[in-house]
Amino acid sequence: MAEALQQLILDSLQSGGFINDTRSLILPDKAQPAESHEDQITILSALNSLSSREMVKYDTHDVSSHVLTPEGAQIVKDGSHEARVWSALSLKGQGTPITPVQLKGIVGDEASKVGQGRAFRNGWIGKEGNGLIKLVPEIQDATQIELQEVASTGSLKAGEKILADLRKRKLIVLKKGQWFTVHKGPQFSTSTAKPETDVTADMLTSGSWKTATYKKYNFEAEGIPTTGGALHPLLKVREEIRNIFLEMGFAEMPTQSFVESGFWCFDALFVPQQHPARDLQDTFYLSDPKQSLDPEPAYYQRVSETHQYGGFGSVGYRAPWSHEESRKLLLRTHTTASSAHMLYKLAAKCREPEGDGGATSSPGSVKILREKDDGFKPAKLFSIDRVFRNETMDATHLAEFHQVEGVVADRDLTLADLIGFMRVFFRKMGIEKVRFKPAYNPYTEPSLEIFAFHPMLNRWVEVGNSGMFRPEMLEPMGFPKDVRVHGWGLSLERPTMIRYGINNIRTLVGHKVSIEGIERSPAVMF
């Protein structure tokens with residue numbers, strides 16, 4: 001078909017000198033001129049092939065026309081909805097009125113619903129009791145006549161106003177097309193033999209390469225776009241947040257343990273064993289293996305006694321302690337479990353070595369070195385990793401998400417220091433509108449919820465939690481009494497949604513994610 005069409009074009013040029021309008025061509029295997037858009041696309045493909053060999057030159061002419069939709073074609077065949085409604089009714093005084101329900105059964109639901117209104121406006125029908133009747137003996141179906149004209153000519157003599165109305169009613173659509181004027185090119189020939197693109201071994205052997213015609217190289221042609229991987233928006237925002245932390249002097253914590261014990265995820269943080277967060281409806285527990293190994297015995301005893309009986313200025317929870325609950329394995333609900341591990345290692349430098357008689361005792365039987373040589377060094381730590389919660393999924397919640405975690409440990413820190421730091425941190429992320437609200441957390445006191453304004457949702461969205469770790473958590477680890485630790489956890493997904501204007505988290509993570517959208521997502525720069 002392609003070669004036959006190319007030969008047709010070349011023969012037409014040979015006999016006529018040029019082709020004024022390709023719509024006059026009759027394609028091979030067809031009896032009618034090539035007036036359709038599809039035919040012209042086929043001709044364009046042949047012209048491009050011939051033009052690449054400089055055998056022809058062509059000019060493009062754009063044209064617009066209207067074509068019928070399936071509904072419009074049905075009206076041309078059967079009449080408009082209003083005409084069909086009129087035809088189904090009896091003339092006033094000559095028959096029984098038909099109810100709207102009966103009319104639906106005669107002309108169909110769509111024709112009845114659309115046709116009644118237009119027939120009433122045209123004055124063709126009226127009401128008599130509970131039924132409908134004809135008011136005029138004859139009508140002219142203007143809609144059908146107009147569509148017949150559009151079907152035959154692609155336009156209307158009556159003008160654009162009626163065409164716009166027909167488009168609005170979805171009876172016609174505007175379709176753009178092209179046709180071409182064709183002239184002979186510098187290398188015009190009636191032969192469609194394609195030029196060679198390579199010199200083969202056979203051509204070298206036979207010597208045919210000497211007389212062969214070769215296709216010219218197009219040094220201006222663009223190469224095929226390379227395909228490659230693309231970073232997910234979460235990874236882009238993650239890297240930018242990571243750079244912010246590093247810029248502010250933080251060190252990254254190891255967070256490779258997705259599975260934690262109840263002790264490190266809850267008990268070490270002074271979360272009571274009866275807390276609702278530890279229920280099955282909030283936490284994913286492992287079925288095999290079910291239990292973890294025991295932590296360091298002395299520290300485990302200090303934590304359990306603080307929960308049951310208090311200490312360090314606290315009365316504790318006065319509730320029974322369950323070793324089984326503490327040893328349960330679970331998917332971590334927050335990366336604060338990793339922070340607890342790191343803080344425990346940091347506090348190890350403050351705890352008395354075995355056999356050191358020069359230490360003083362503190363409440364809860366934790367021995368701390370004297371302040372002048374207590375070994376404490378301030379620390380700023382962060383992590384960004386996945387956490388898991390048994391949550392109901394909606395536009396802003398998933399069962400698996402990423403948490404940005406940070407801790408700052410130093411002497412005599414205050415809540416004002418924490419608020420000031422969070423404002424600077426979010427400002428570096430490009431989020432200027434930040435609010436703080438008092439909250440309750442078992443392991444921080446005081447505690448603050450952090451809200452950022454989401455311009456797409458046009459409301460304040462919670463992006464994290466923060467607070468100062470309680471003495472009941474820090475002093476059993478071995479920290480001196482004047483050491484305070486700021487802690488906060490932020491969602492990675494919600495700042496990403498704000499940055500990229502996403503209003504549903506399920507289009508950011510999950511099966512609804514657009515691969516093309518990921519490839520085109522811009523680099524993030526807060």
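Below, each value reflects all heavy atoms present in this structure, side chains not excepted, and no hydrogens, waters or symmetry copies. Residue numbers count from 1 along this sequence.
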Using 30° and 60° as the class boundaries, would you call the ring planes of F245 and F425 parallel, tilted or perpendicular? tilted

Say whether, by atom type as modelled, one donor and one acceptor occur between the side chain of K428 and the main chain of E247 under 3.5 angstrom. no

If you measure only the distance, is there a donor-acceptor pair under 3.5 Å linking the side chains of E38 and T42? no

Does a side-chain heavy-atom distance below 4.5 Å link Q273 with S326? yes

Donor on one side chain, acceptor on other, D417 and T414, under 3.5 Å: yes

Compute the ring centroids of F421 and F250, then answer whether they are less than 6.0 Å apart. yes

Which heavy-atom pair separates D410 from P378 by the least distance, and what is that distance? OD1-CG, 3.4 Å

Does T333 offer a backbone N or O that forms a donor-acceptor pair with the side chain of R389 under 3.5 Å? yes

Crowded around E296 CD? As in, over 12 foreign heavy atoms under 6.0 Å? yes

Can a donor-acceptor pair be found, under 3.5 Å and without considering hydrogens, that links the side chain of T69 to the backbone of L171? yes

Could you work out, with ring pair (Phe, Tyr, Trp, His ring centres under 6.0 Å) as the rule, every residue matching F469, not counting sequence neighbours? none

Mind checking ring pair (Phe, Tyr, Trp, His ring centres under 6.0 Å) for Y317 and listing every partner two or more places apart, or none if nothing turns up? F270, H307

Going from CZ on R423 to CD1 on I431, what distance comes out if it is rounded to the nearest 0.5 angstrom? 13.0 Å

Would you call the rings of Y300 and W321 parallel, tilted or perpendicular if under 30° counts as parallel and over 60° as perpendicular? perpendicular

Partners of F451 by ring pair (Phe, Tyr, Trp, His ring centres under 6.0 Å), sequence neighbours excluded? none

Any donor and acceptor pair, going by atom type alone, linking the side chain of R327 with main-chain N or O of S292 inside 3.5 Å? yes

Test log, rule salt bridge (Lys or Arg N to Asp or Glu O under 4.0 Å), inputs E449 and K437: CA-CA 5 Å; E449 289 179 346; K437 188 178 87 172; 3.6 Å; yes

Run R242 and E252 through side chain to side chain contact (heavy atoms under 4.5 Å, CB included) and show every step you take. CA-CA 9 Å; R242 183 174 181 272; E252 191 165 7; 2.8 Å; yes

Do T143 and E82 get their side chains close enough for a donor-acceptor pair, meaning under 3.5 Å? yes

Does any N or O in the side chain of H66 come within less than 3.5 Å of the main-chain N or O of L147, such that one atom is a donor and the other an acceptor? no

Identify the heavy atoms of L331 and T283 that sit nearest to each other, and give their distance. O-CG2, 4.4 Å

Indicate yes or no: at least one non-hydrogen side-chain atom of M468 is less than 4.5 angstrom from one of T444. no

Please name the pair of heavy atoms, one in P476 and one in V303, separated by the smallest distance, quoted to 0.1 Å. CB-CG2, 4.5 Å

Might you work through the side chain to side chain contact (heavy atoms under 4.5 Å, CB included) test for V173 and V67, ending with a clear yes or no? CA-CA 6 Å; V173 291; V67 296; 3.5 Å; yes

Taking the six-membered ring for Trp, are Y299 and W264 parallel (under 30°), tilted (30 to 60°) or perpendicular (over 60°)? tilted

Quick one: pull up CG in L44 and CG in L47 and give me the separation to the nearest 0.5 Å. 6.5 Å

Table please: side-chain donor-acceptor pairs of residues 460-467 below 3.5 Å, with sequence neighbours left out.
residue, atom, partner, partner atom, Å
N465, OD1, N441, ND2, 3.4
S466, OG, L448, O, 3.2

Check: K236 side chain, S521 main-chain N or O, donor-acceptor pair, under 3.5 Å: yes

S49 meets the side chain to side chain donor-acceptor pair (under 3.5 Å) criterion, sequence neighbours left out, with Q6, R53

Looking at every non-hydrogen atom in both residues, tell me the closest pair between P272 and P442 and how far apart they are. CD-CB, 4.0 Å

Do you know the tightest heavy-atom contact between S383 and T255? CB-CG2, 3.2 Å

Regarding K290 and E324, does a basic nitrogen lie under 4.0 Å from an acidic carboxylate oxygen? no

How about L163 and L174: do any of their side-chain heavy atoms sit closer than 4.5 Å? no

Between the OH atom in Y443 and the CZ atom in R470, the distance rounded to the nearest 0.5 Å is 12.0 Å

CZ of F479 to CG of L343: how many Å apart, nearest 0.5 Å? 5.0 Å

Using modelled atom types only, decide if a donor and an acceptor are shared between the side chain of E239 and the backbone of L235 within a distance under 3.5 Å. no

Are the side chains of F453 and E432 in touch, meaning some heavy atoms are under 4.5 Å apart? no

We want to know whether S314 and E472 form a side-chain donor-acceptor pair, criterion being a heavy-atom distance below 3.5 angstrom. yes

Nearest 0.5 Å, please: how far is CD in Q274 from CG in D279? 10.5 Å

For Y309, is the OH atom crowded, meaning more than 12 foreign heavy atoms sit under 6.0 Å from it? no

Heavy-atom side-chain proximity of D385 to R332 below 4.5 angstrom: yes

Supply the atom-to-atom distance S514 OG to L508 CG, rounded to the nearest 0.5 angstrom. 12.0 Å

Do L492 and F401 touch side chain to side chain, with heavy atoms closer than 4.5 Å? no

Nearest heavy atoms of R238 and I384, plus distance in Å: NH2-O, 3.3 Å

Side chain to side chain contact (heavy atoms under 4.5 Å, CB included), that's the test. Do F266 and L330 meet it? Break it down for me. CA-CA 11 Å; F266 297 116; L330 51 91; 3.7 Å; yes

Assess whether side chain to side chain contact (heavy atoms under 4.5 Å, CB included) is satisfied between L269 and H334, documenting all intermediate values. CA-CA 11 Å; L269 305 181; H334 46 202; 3.5 Å; yes

Tell me if the OH atom of Y440 is crowded by more than 12 foreign heavy atoms within 6.0 Å. yes

Find out whether S338 and E405 are in side-chain contact, i.e. whether some heavy atom of one side chain is under 4.5 Å from a heavy atom of the other. no

Can you name the residues that form a salt bridge (charged side-chain N to carboxylate O under 4.0 Å, His left out) with K170, not counting sequence neighbours? none

Is it the case that the side chain of H402 and the backbone of E493 share a donor-acceptor pair, with hydrogens and angles ignored and the cut-off at 3.5 Å? no

With no hydrogens and no angle check, just 3.5 Å: does a side-chain donor-acceptor pair link H323 and Q291? no

Can you find a pair of side-chain heavy atoms, one from L415 and one from F436, that are under 4.5 Å apart? no

